[in-house]
Novice: 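This structure is in structure tokens; I'll ask about it shortly.
Each chain gets a letter, A, B and so on, in the order the sequences are listed, and its residues count up from 1. Because the structure is a prediction, the values reported are computed rather than measured.
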There are 2 protein chains.
Amino acid sequence: MTAAASELTEPVKPLRADAQRNYDKLVETAREVFAERGTEGSLDQIAKRAGVGPGTLYRHFPTREDLIGALMRDWSARVVADSEAVIGAGLPARETLQRWFLALVEHLTLHRGAAVTLTAAMDDPGSPIHGKCQALAAANRHVLDHLAEDGALRKGVEARQVMRLVSGVATIADAAGIPPDEVESLLGIVIDGIVADPAGG
Amino acid sequence: MTAAASELTEPVKPLRADAQRNYDKLVETAREVFAERGTEGSLDQIAKRAGVGPGTLYRHFPTREDLIGALMRDWSARVVADSEAVIGAGLPARETLQRWFLALVEHLTLHRGAAVTLTAAMDDPGSPIHGKCQALAAANRHVLDHLAEDGALRKGVEARQVMRLVSGVATIADAAGIPPDEVESLLGIVIDGIVADPAGG
DNA sequence: ACCTGAACACCGTTCAAGT
DNA sequence: ACCTGAACACCGTTCAAGT
């Protein structure tokens with residue numbers, strides 16, 4: 001609900017036909033360039049490849065983060081869907097966390113270098129992508145709350161901190177090129193750090 | 001011993017008087033600029049502030065990492081000293097890890113943005129700072145091995161993975177400006193993830 | 001209302017010319 | 001052997017001129 005609302009705060013007023021065409025072309029091209037070069041890919045090249053002047057890019061996307069936000073249109077929705085799917089599967093705590101953390105890492109590494117940007121945006125209300133990151137945080141809280149109800153988590157474990165740890169794993173994994181199975185192992189340690197001991201709740 | 005050796009592989013042949021002066025001035029200035037702007041600070045500005053032409057900077061430091069390496073001269077030694085101090089203190093496992101991880105984070109955030117660079121260099125033998133990062137990794141292994149001998153760690157915990165987790169925390173902390181007490185709490189979760197349960201070894 | 005593209009400041013990198 | 005600084009290619013950003 002709140003996620004859907006934040007999704008809708010995007011492009012309100014209709015654009016002139018040519019403007020809309022340029023907007024779409026820019027987003028599409030940005031997706032390409034970011035996929036190749038990571039989130040720090042050249043804006044100049046995006047404009048050139050899209051066949052528009054640099055001013056046009058700046059008119060539509062005043063900052064780089066505005067552009068990143070534009071190509072994340074259905075991102076929050078997918079994140080939320082994943083969280084619900086994971087909860088709905090009704091698996092034991094460890095498996096639930098394993099699945100969910102892997103999904104988180106995947107969403108955070110949307111493009112090379114994205115994880116740091118997204119994590120920083122979580123703590124920066126002024127960021128154009130702050131809303132999307134909040135949706136991610138909310139989904140994470142949702143999953144953890146669900147597990148906490150069953151007493152599966154250690155006391156004092158905060159969703160925000162878990163989010164940051166997983167972001168850290170995503171950032172490092174993407175920067176150092178850590179292979180998938182080792183990422184799983186990293187997440188395994190985090191999971192061991194937050195699940196309740198079998199003995200005391 | 002190995003750390004000291006790697007420390008000595010630095011400037012072997014003596015430089016001409018003027019070259020040595022420029023070298024020192026560049027390192028000093030780089031330290032300033034990196035402290036202000038982080039590891040991505042402008043090389044151009046470093047050369048300008050040091051009062052030398054850009055070519056002089058490139059002659060001494062062909063890549064940015066070479067420059068970073070130069071201002072890390074006694075870094076590895078300090079890291080190793082910290083690891084030995086922590087082990088020597090003879091504290092219980094949890095306190096030992098708490099102290100050591102805090103030291104690690106501090107060393108990894110030498111300058112803003114340094115943590116990612118250092119972590120990436122750990123897995124890249126071609127990097128000019130690979131040796132220093134290996135020293136860090138070795139010190140970490142040393143501490144963990146010490147704790148493992150007492151059976152204080154879970155089975156299957158690998159030093160390399162722990163190193164990466166702490167790097168992740170350092171990276172995120174520095175990128176998102178996480179306050180020190182929350183950093184401690186993040187490290188606390190990692191510690192919970194690697195220490196053995198009171199019951200089974 | 002929107003686009004173009006020239007213009008500016010900045011940066012990394014190279015290299016011929018100097019001493 | 002070392003330094004200088006011009007030169008090149010690239011980038012982000014702005015803005016006057018156009019339609």
Novice: Could you state the interatomic distance from CG (A:L102) to CD (A:E184), rounded to the nearest 0.5 Å?
Specialist: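 That separation rounds to 5.0 Å.
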Novice: Please classify the nucleic acid contact of B:T56 as base, sugar-phosphate, or nothing, using heavy-atom distances under 4.0 Å.
Specialist: base
Novice: Would you indicate what B:R59 reaches in the nucleic acid, counting non-hydrogen atoms under 4.0 angstrom: base, sugar-phosphate, or nothing?
Specialist: base
Novice: Would you be so kind as to tabulate the donor-acceptor pairs closer than 3.5 Å made by side chains of residues 81-95 of chain A, with sequence neighbours excluded?
Specialist:
{"unit_1": "A:D82", "atom_1": "OD2", "unit_2": "A:H107", "atom_2": "NE2", "d": "2.8"}
{"unit_1": "A:S83", "atom_1": "OG", "unit_2": "A:V80", "atom_2": "O", "d": "2.7"}
{"unit_1": "A:R94", "atom_1": "NH2", "unit_2": "A:D192", "atom_2": "OD1", "d": "2.4"}

Novice: Should the ring pair B:Y23 and B:F61 be called parallel, tilted or perpendicular, given that the plane angle runs from 0 to 90° and is split at 30 and 60?
Specialist: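 The arrangement is tilted - the two ring planes meet at 30° to 60°.
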Novice: Check every nucleotide of DNA chain C for an atom under 4.0 Å from a heavy-atom of chain B, then give the first and the last such nucleotide from 5' to 3'.
Specialist: C:dC11 to C:dC15
Novice: Let's see if you get this right: which residues in residues 43-53 of chain A place a heavy atom under 4.0 Å from DNA chain D?
Specialist: A:L43, A:D44, A:Q45
Novice: What distance do A:T39 atom OG1 and A:E65 atom CD have between them, rounded to the nearest 0.5 Å?
Specialist: 10.0 Å
Novice: Using modelled atom types and a 3.5 Å cut-off, is there a donor and acceptor pairing between side-chain atoms of B:R64 and backbone atoms of B:E40?
Specialist: yes
Novice: For Watson-Crick and G-U wobble pairs within 3.5 Å on both distances, what is DNA chain C written in dot-bracket notation, | included for inter-strand pairing?
Specialist: ||.|||||...|||||.||
Novice: Can you tell me how far the CG atom of B:D123 sits from the CZ atom of B:R160, to the nearest 0.5 Å?
Specialist: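 One finds 7.0 Å between CG of B:D123 and CZ of B:R160.
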Novice: Within the distance-only criterion (no hydrogens, no angle test), does the side chain of B:R112 pair as donor or acceptor with the backbone N or O of B:D174 below 3.5 angstrom?
Specialist: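 No.
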Novice: List for me each residue that meets ring pair (Phe, Tyr, Trp, His ring centres under 6.0 Å) alongside B:Y58, sequence neighbours excluded, and say none if there are none.
Specialist: none
Novice: Toward the 5' end of DNA chain C, which comes first, B:R64 or B:R16, by nearest nucleotide?
Specialist: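 Nearest nucleotide further toward 5': that of B:R64.
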Novice: Sequence neighbours excluded and cut-off under 3.5 Å, please list the side-chain donor-acceptor pairs for residues 135-149 of chain B, or say none.
Specialist:
{"unit_1": "B:N140", "atom_1": "OD1", "unit_2": "B:W100", "atom_2": "NE1", "d": "3.0"}
{"unit_1": "B:N140", "atom_1": "ND2", "unit_2": "B:A159", "atom_2": "O", "d": "3.2"}

Novice: Return whichever of A:T63 or B:D18 has its heavy-atom-nearest nucleotide of DNA chain D closer to the 5' end.
Specialist: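 Closer to the 5' end of DNA chain D: B:D18.
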Novice: For A:I129, is there any backbone N or O sitting under 3.5 Å from a side-chain donor or acceptor partner on A:S127?
Specialist: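 Side chain of A:S127 to backbone of A:I129, a donor-acceptor pair under 3.5 Å: yes, one is there.
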